[in-house]
Number of protein chains: 2
Amino acid sequence: MNKAAVPRYKVIKQYIRDNIEGGSWPVSSRVPSENQLCEQFSVSRMTARKAVDELTQEGLLVRSQGLGTFVAELQPQSPLLEVRNIADEIHERGHNHSSEVLSLEEIPASETVAISLELPETSPVFHSIIIHYDNGRPLQREERYVNPRFAPDYLKQDFRVQTPSAYLSRVAALTAATHVVEAVLPTQDIADSLVMESHAPCLRIIRRSWCDKGVVSLAKLIHPGDRYRLGGHLSFT
Amino acid sequence: MNKAAVPRYKVIKQYIRDNIEGGSWPVSSRVPSENQLCEQFSVSRMTARKAVDELTQEGLLVRSQGLGTFVAELQPQSPLLEVRNIADEIHERGHNHSSEVLSLEEIPASETVAISLELPETSPVFHSIIIHYDNGRPLQREERYVNPRFAPDYLKQDFRVQTPSAYLSRVAALTAATHVVEAVLPTQDIADSLVMESHAPCLRIIRRSWCDKGVVSLAKLIHPGDRYRLGGHLSFT
DNA sequence: AATTTATTCTTGTATATACAGGATTATACA
DNA sequence: TGTATAATCCTGTATATACAAGAATAAATT
């Protein structure tokens with residue numbers, strides 16, 4: 001019986017990622033060549049190459065024929081943090097981030113939600129409204145519609161820790177997303193929940209994420225003065 | 001001498017892409033198996049697999065062990081259109097899109113621009129301000145800062161056609177981008193150029209795109225009531 | 001000393017092969 | 001007829017090898 005079900009190239013991938021994210025291999029530095037890797041891990045060159053290949057496509061590494069492979073100068077956020085907002089960054093910087101769950105329930109899909117999640121109308125979907133705070137200051141109102149196939153135990157989760165990675169690990173491995181962004185004036189109740197004046201412009205973001213399992217929809221309202229950041233690796237031919 | 005410098009796996013990639021984007025292979029349909037492809041193109045399985053591999057990582061295909069490879073149900077936008085805004089979509093739908101160039105010149109980089117483009121201060125950068133219209137209605141004010149290494153003939157270009165693909169083909173193959181989005185109240189001159197009232201909230205988007213050649217920075221102001229769309233394929237582990 | 005050439009290391013492309021493991025279908029058995 | 005088994009087709013992982021092509025360095029030549 002095989003002791004390790006983890007493919008070898010993934011082990012190498014993680015090794016490289018750890019060294020980069022741990023700071024051992026600084027930006028622009030050369031990573032071990034494919035030959036060095038396959039000697040170090042006792043694998044064939046094609047296996048080592050596959051690890052480097054995928055990290056390159058993820059934007060973490062840059063290859064240069066004849067020179068070597070290097071840690072990308074402008075690293076995209078870690079894959080799991082690819083879609084993040086300023087509140088998340090504040091959280092990572094050690095500020096006091098907290099969340100308040102305004103609503104958390106299973107509801108029948110409205111027409112709009114059903115279309116967005118590609119489900120039949122009135123089929124059950126999970127719905128949550130969360131307010132994010134930084135040191136007591138409201139930052140963001142987040143409304144999620146989750147396809148139950150994604151996260152059957154979504155309603156049972158612990159919302160006290162709300163980092164994006166925690167969220168994503170609960171939901172699923174989303175592989176693609178679209179964002180539609182607009183500037184709006186908030187309704188009165190939203191203005192109240194974000195503790196802002198109703199004539200101040202705030203950001204409204206509707207995000208649809210999906211993988212083969214289904215679609216997750218998410219609407220955010222960002223407090224005036226705060227910004228939203230999107231990062232990612234775009235694949236070109 | 002080799003007639004074709006194009007690698008074989010890229011030929012296969014293009015063949016698959018053509019069939020999908022041309023509509024021959026509808027969404028959810030099965031694409032030829034790796035064995036079929038390597039027989040059809042007289043290549044080894046690993047070569048055919050590489051083509052399918054990359055298209056899968058780009059989100060165009062979905063693999064399923066034991067079943068086959070399928071056209072992804074929710075296709076990301078074509079790679080070259082990965083970052084687009086509503087104005088672009090209107091343009092594609094056949095509306096009357098036009099642009100007005102307010103400014104087009106080479107300027108020394110200010111401190112902010114220099115940092116953003118990762119260039120020394122006062123080094124020359126290309127700068128343009130463009131207003132986009134749809135049927136005469138102003139949609140968007142776009143301000144670009146371009147690293148000259150990207151597009152040496154940027155100032156000579158024809159701005160009459162401003163589709164994203166035309167833009168990108170002139171600039172370079174950008175491989176990654178971050179967007180920072182916020183809702184703002186416009187200054188008076190911007191409100192004038194967008195023909196809007198200065199108390200209406202509009203969208204401000206700062207985009208940094210890059211590849212190994214350098215960085216392009218772009219600031220957009222979106223007319224109130226219009227939205228901005230971001231789509232893409234996110235790579236997860 | 002300066003220039004050209006050759007060597008070496010790197011990534012890029014490609015082949016042929018092998019077995020594991022998931023999913024479906026056909027077959028044999030009870 | 002129903003159930004278990006086998007065959008088959010697919011993707012997933014992995015090896016060993018080969019040559020091309022870019023980039024830097026060492027060596028040879030002028």
Side-chain angles (χ1 to χ4, degrees), chain A residues 1-16 25 28-72 173 175 211-213 235-237, chain B residues 1-16 25 28-72 173 175 211-213 235-237:
Chain A
M1 187 134 85
N2 251 333
K3 184 197 278 183
V6 180
R8 302 210 209 183
Y9 77 92
K10 286 193 179 173
V11 174
I12 303 176
K13 258 182 93 171
Q14 197 53 51
Y15 166 77
I16 298 173
W25 296 350
S28 299
S29 66
R30 237 190 69 183
V31 305
S33 73
E34 293 169 0
N35 282 321
Q36 288 172 315
L37 283 174
C38 61
E39 190 180 346
Q40 181 177 346
F41 286 89
S42 301
V43 297
S44 74
R45 190 189 152 206
M46 294 309 283
T47 302
R49 184 171 173 78
K50 174 152 190 175
V52 177
D53 242 15
E54 294 199 354
L55 289 172
T56 301
Q57 272 190 285
E58 289 171 18
L60 213 67
L61 299 176
V62 176
R63 316 181 91 136
S64 178
Q65 189 175 0
L67 283 175
T69 306
F70 304 84
V71 178
T175 56
C211 69
D212 53 331
K213 285 199 182 61
S235 54
F236 289 89
T237 313
Chain B
M1 187 139 84
N2 252 333
K3 186 198 276 183
V6 180
R8 302 209 205 182
Y9 77 91
K10 287 192 179 173
V11 174
I12 302 176
K13 257 182 95 172
Q14 197 53 52
Y15 165 78
I16 297 173
W25 298 349
S28 299
S29 66
R30 238 190 65 184
V31 306
S33 74
E34 293 169 0
N35 282 321
Q36 287 172 316
L37 282 174
C38 63
E39 190 179 345
Q40 181 177 346
F41 286 90
S42 301
V43 297
S44 74
R45 190 189 150 204
M46 294 308 283
T47 302
R49 183 172 173 80
K50 173 152 191 177
V52 177
D53 244 15
E54 294 199 355
L55 289 172
T56 301
Q57 271 190 286
E58 290 171 19
L60 213 67
L61 298 177
V62 176
R63 317 181 90 135
S64 180
Q65 188 176 359
L67 283 175
T69 306
F70 304 85
V71 178
T175 55
C211 68
D212 53 332
K213 287 201 181 58
S235 53
F236 289 90
T237 313

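Protein chains get the first letters and strands the later ones, always in sequence-line order, with residue 1 at the start of each.
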* For the side chain of B/K10, counting heavy atoms from C-beta on, which of C/dT13, D/dT13, C/dT15 is nearest? -> C/dT13
* Counting only heavy atoms not in B/E39, do more than 12 fall under 6.0 Å of its CD? -> no
* To do: Return yes when atom CD of A/Q40 has more than 12 non-hydrogen atoms of other residues, nucleotides or ligands closer than 6.0 Å, and no otherwise.
  => yes
Under 4.5 Å between any side-chain heavy atoms of [X] and [Y], yes or no?
X	Y	result
A/K10	A/E54	no
A/L55	A/T69	no
B/D53	B/R63	yes

* Structure fact -> Per nearest nucleotide of DNA chain D, the residue lying toward the 5' end, A/S64 or B/V31, is B/V31
Distance, rounded to the nearest Å, where [X] contributes [atom1] and [N] contributes [atom2]:
X	N	atom1	atom2	answer
B/L67	D/dC10	CG	P	11 Å
B/N35	C/dT17	CG	P	13 Å
B/E39	C/dT15	CD	C1'	16 Å
A/F70	D/dA23	CZ	C1'	10 Å
A/R8	C/dA20	CZ	P	14 Å
A/E34	D/dA20	CD	P	18 Å
B/Q65	D/dT11	CD	C1'	5 Å
A/L61	C/dT11	CG	P	11 Å

* **From B/S33 atom OG to B/R45 atom CZ, the distance as rounded to the nearest 0.5 Å** => 9.0 Å
* Asked: If you round to the nearest 0.5 Å, how far is CZ of B/F41 from OG1 of B/T47?
  -> 12.0 Å
N/O (side chain, [X]) to phosphate O (OP1/OP2, [N]) under 4.0 Å:
X	N	result
B/Y9	C/dT13	yes
B/R63	C/dG22	no
B/S44	C/dA14	no
B/T69	D/dT11	yes

* Structure fact -> Here the residues of residues 45-53 of chain B within 4.0 Å heavy-atom distance, strictly under, of DNA chain C are B/R45, B/M46, B/T47, B/K50
